[in-house]
Each structure stands twice: as structure tokens, then as C-alpha cells.
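Each chain gets a letter, A, B and so on, in the order its sequence line appears, and its residues count up from 1.
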Number of protein chains: 2
Amino acid sequence: MGLAKTEMFTDQQNEIALFAKVFGHPARVSILQHLFKINSCVCGDLVNEIGLAQPTISQHLKELKLLGLIKGSVEGTSVCYCIHKENWIAMKSVMSQFLNQDITQENKCC
Amino acid sequence: MGLAKTEMFTDQQNEIALFAKVFGHPARVSILQHLFKINSCVCGDLVNEIGLAQPTISQHLKELKLLGLIKGSVEGTSVCYCIHKENWIAMKSVMSQFLNQDITQENKCC
DNA sequence: CATATTAATCGTAATATTGCAATAGATTAA
DNA sequence: TTAATCTATTGCAATATTACGATTAATATG
């Protein structure tokens, strides 16, 4: 079906999955790393940097923006995208809780 | 196309994306949380716990196993699945590096 | 205004993902 | 061996994702 049955999971589980999904494509990982590195950006740079077509990059940026992980402001004919730091920190908190579940006890089997 | 152009990204970027992708579905998030919670498991439990059909759960388990995040051992007619702790820690290291990129400097714009 | 520049949107093709019914495989118990 | 139990696999339908050419929208510049 291609459609996840989100209604049978908790809000927290769905939120984790949504964040993870957006990181589930190397182009978006690359975009975010680049934005962190140069600490400021325009879309055209990313097209050159990454090598996908402009509409493709634009679409990936849209998804990142939709989740609030980046923000963009118009600068003349170009758009300046950068990390939305407050939201990034909030996202990290959600993901860290998931990644750092208690791993100390011994398994009862396996 | 539905096909990511992985060849234009680094191994690290592709690895992050692969891990993230597997967390990109709430059923797999839920399965992992349940495995952490009870610290031992069989597939039948998960079918009752999560509410998806048995083949669906089995398929999600397969993906988690493929990435090495869980391991399963046959126990009679059932299979005992649990977190692969060493691999989980290794995965956490990769994901943490990505999530904890330097966020301290001020943006040059935005 | 006309043109250039840059990013967003639309439309579409190819592929991937999700979910489950039906079935097969494996193991135990009688 | 047969039946019961549990998990994996197959096959398929519905939806999602990815990528990009063509186009549009918005803003600057001459």
C-alpha cells in the first residue's frame, strides 16, 4: 500500500519516524552537512555542490523546511537557506531519547 | 524515479541515510522500543503488541536484521529477537556525529 | 519596459515502500 | 506420522518517493 498506519502508533513514535525519514536520503544529509559547514547558504551553491538538478534540490529543501529543520530568507534573486538551530536542538532531543534507550541490562536470551 | 543516486554521496552520508531510513517507519520504531523494554522477544508478541499483520511485522523485522540492529535465534517453533547491542552502539556513534554537528557559531545570514 | 538570474512548481516516468492474504517451511507434541 | 504452532516468503495492489525537463514566478539590472 505504501501508506504507513500511523494511527496505531504514539505521537512520539510517529515524530521519530518523521524526522528519521527526512534523514533517510543522502542528498538531504549532504545538504544539512553543507549548511552546517558554511553556516549560511543559497540554493544555487547546493546544486553545484551536490550535483543533482535544481528542481530536485529545491524539492529536498522543501521537505527539510516543512519539518522546520532549515529556514530560508529571500536575498535578492536568490534564497538564503540555513539550519533552524532551535528546531534542530529540539529534534536532537527527540532522536537522542530514542537512540539512547537503556542498553545496560543483559538480554534474557539471544 | 524513486531511486536515490547514492554514487554521488560519501559512504558516511549513505550510511547515515540507511540507518535513518530504517527508523523512518513508526512500526520499526515501535518494535525497537519494545525490544529494549522487555529486553528479549519473540515475533508473536510483536504482532499482538503492534497490531499489524504477521507478515508485515516479519518484513519489518527482516529489515532491522539486515542492518544488523537486531538478531534472532530460533527457540523451538518461535524466534527470539533482540537488540544487537554492539551494532546499536556503533550505529549510535554514526548518527550522533551527524546530529551533534557544531551548532555554536552564529549564522552569517537568516 | 525588456532581459537576465534564481528558485519554485508542475507534470510525468521509474522505482521503492507498505500491507496483507495465501502459502510454504520449520519445529514440537501427540 | 499427523496435527498444531509459529515464522518466513511470495505475490499483488495501493501509495510514496525520487529525479528531472519544462515552465512559471519573483526580483534585479540595463
Side-chain angles (χ1 to χ4, degrees), chain A residues 1-9 13-14 17-31 35 40-67 70-82 109-110, chain B residues 1-9 13-14 17-31 35 40-67 70-82 109-110:
Chain A
M1 313 212 161
L3 174 61
K5 294 195 160 179
T6 55
E7 73 282 0
M8 45 180 37
F9 303 103
Q13 287 164 342
N14 283 314
L18 277 181
F19 282 131
K21 204 167 178 181
V22 90
F23 298 143
H25 193 292
R28 291 189 291 264
V29 170
S30 175
I31 287 171
L35 288 181
S40 148
C41 204
V42 290
C43 180
D45 286 1
L46 289 167
V47 173
N48 296 331
E49 182 77 18
I50 293 176
L52 292 170
Q54 179 266 323
T56 308
I57 298 290
S58 187
Q59 196 172 284
H60 284 308
L61 287 168
K62 189 178 174 184
E63 287 176 63
L64 290 168
K65 199 173 175 184
L66 199 68
L67 270 190
I70 64 175
K71 53 186 172 181
S73 56
V74 177
E75 302 261 332
T77 58
S78 62
V79 177
C80 173
Y81 276 113
C82 60
C109 68
C110 300
Chain B
M1 313 212 163
L3 174 60
K5 294 196 162 178
T6 56
E7 73 282 1
M8 46 180 37
F9 303 102
Q13 287 164 341
N14 283 314
L18 276 180
F19 282 132
K21 204 167 177 181
V22 90
F23 298 143
H25 193 293
R28 291 188 290 263
V29 170
S30 176
I31 287 171
L35 288 181
S40 148
C41 203
V42 291
C43 179
D45 286 2
L46 289 166
V47 173
N48 296 332
E49 182 77 16
I50 293 177
L52 292 170
Q54 180 266 323
T56 307
I57 298 290
S58 186
Q59 197 173 284
H60 284 306
L61 287 169
K62 189 180 175 182
E63 288 176 64
L64 290 168
K65 199 173 175 185
L66 199 68
L67 270 190
I70 64 175
K71 55 186 172 183
S73 56
V74 177
E75 301 260 334
T77 58
S78 61
V79 177
C80 172
Y81 276 112
C82 60
C109 68
C110 302

Note to self: Is Y81(B) close enough to dC6(D) that one of its side-chain N or O atoms is under 4.0 Å from OP1 or OP2 there?
What the structure shows: no
Next item on the list: Give the minimum heavy-atom separation between L35(A) and Y81(A), together with the two atoms involved.
Entry: CD2-O, 3.4 Å
Notebook entry, point to check: Has K5(A) got a side-chain N or O lying under 4.0 Å from the OP1 or OP2 atom of dC20(C)?
Noted result: yes
Note to self: Restricting to non-hydrogen atoms, name the atom on L52(B) and the atom on A27(B) that form the minimum distance, rounded to 0.1 Å.
What the structure shows: CD1-CB, 3.7 Å
Margin query: Under 4.0 Å, counting only non-hydrogen atoms across every strand here, what does S78(B) touch: a base, just sugar-phosphate, or nothing?
Written below: sugar-phosphate
Notebook entry, point to check: Which atoms form the tightest heavy-atom contact between T6(B) and N14(B), and what is the distance?
Noted result: O-ND2, 3.0 Å
Checklist line | Residue pair F19(B) / L67(B): nearest heavy atoms and the distance that separates them | finding: CD2-CD1, 3.9 Å
Item checked: Smallest separation among heavy atoms of G24(B) and A20(A), with atom names -> N-CB, 3.8 Å
Margin query: I need the CD1-P distance between I50(B) and dC20(C), as an integer number of Å.
Written below: 12 Å
Margin query: Base, sugar-phosphate or nothing for L52(B)? Non-hydrogen atoms, less than 4.0 Å.
Written below: sugar-phosphate
Next item on the list: Rounded to the nearest angstrom, tell me the gap between atom NE2 in H60(A) and atom C1' in dA7(C).
Entry: 15 Å
Notebook entry, point to check: Can you say whether the rings of H25(A) and F9(B) are parallel (under 30°), tilted (30 to 60°) or perpendicular (over 60°)?
Noted result: perpendicular
Note to self: Closest approach to the side chain of K21(A), judged atom by atom: which nucleotide of dT7(D), dG19(C), dT17(D) is it?
What the structure shows: dT17(D)
Checklist line | Value in whole Å for how far the C1' atom of dT7(D) lies from CD of Q59(B) | finding: 13 Å
Check: Tell me, do L61(B) and L46(B) make a side-chain contact under 4.5 Å, heavy atoms counted?
Finding: yes
Checklist line | Interatomic distance where CD belongs to E63(B) and P belongs to dA8(D) [whole Å] | finding: 13 Å
Note to self: Over all strands shown, is L61(B) touching base, sugar-phosphate only, or nothing at heavy-atom distances under 4.0 angstrom?
What the structure shows: nothing
Check: Which distance, rounded to the nearest 0.5 Å, do you find between the CD of Q13(B) and the CG of L18(B)?
Finding: 12.5 Å
Next item on the list: List the atom of C80(B), the atom of V42(B), and the distance in Å for their closest heavy-atom pair.
Entry: CA-CG1, 4.1 Å
Next item on the list: Let me have a per-nucleotide readout for nucleotides 21-30 of chain C, 5' to 3', with B, S or -, counting only protein heavy atoms under 4.0 Å.
Entry: BB----BS--
Notebook entry, point to check: Do E63(B) and H60(B) have side chains that get closer than 4.5 Å, going by heavy atoms?
Noted result: yes
Notebook entry, point to check: Is the shortest side-chain N/O distance from S58(B) to OP1 or OP2 of dT7(D) below 4.0 Å?
Noted result: no
Item checked: Nucleic acid contacts of residues 22-30 of chain A, taken as heavy-atom distances under 4.0 Å to DNA chain D -> H25(A), R28(A)
Checklist line | Nucleotide nearest L3(B) (side chain, heavy atoms from C-beta), chosen from dT15(C), dG19(C), dA19(D) | finding: dT15(C)
Margin query: From CG of L66(B) over to C1' of dT9(D), roughly how many Å is that when rounded to an integer?
Written below: 15 Å
Next item on the list: In whole angstrom, give the distance that lies between atom CG of D45(B) and atom P of dT5(D).
Entry: 16 Å
Notebook entry, point to check: Starting at the 5' end of DNA chain C and moving along, which residue's nearest nucleotide shows up first, K62(A) or T6(A)?
Noted result: K62(A)
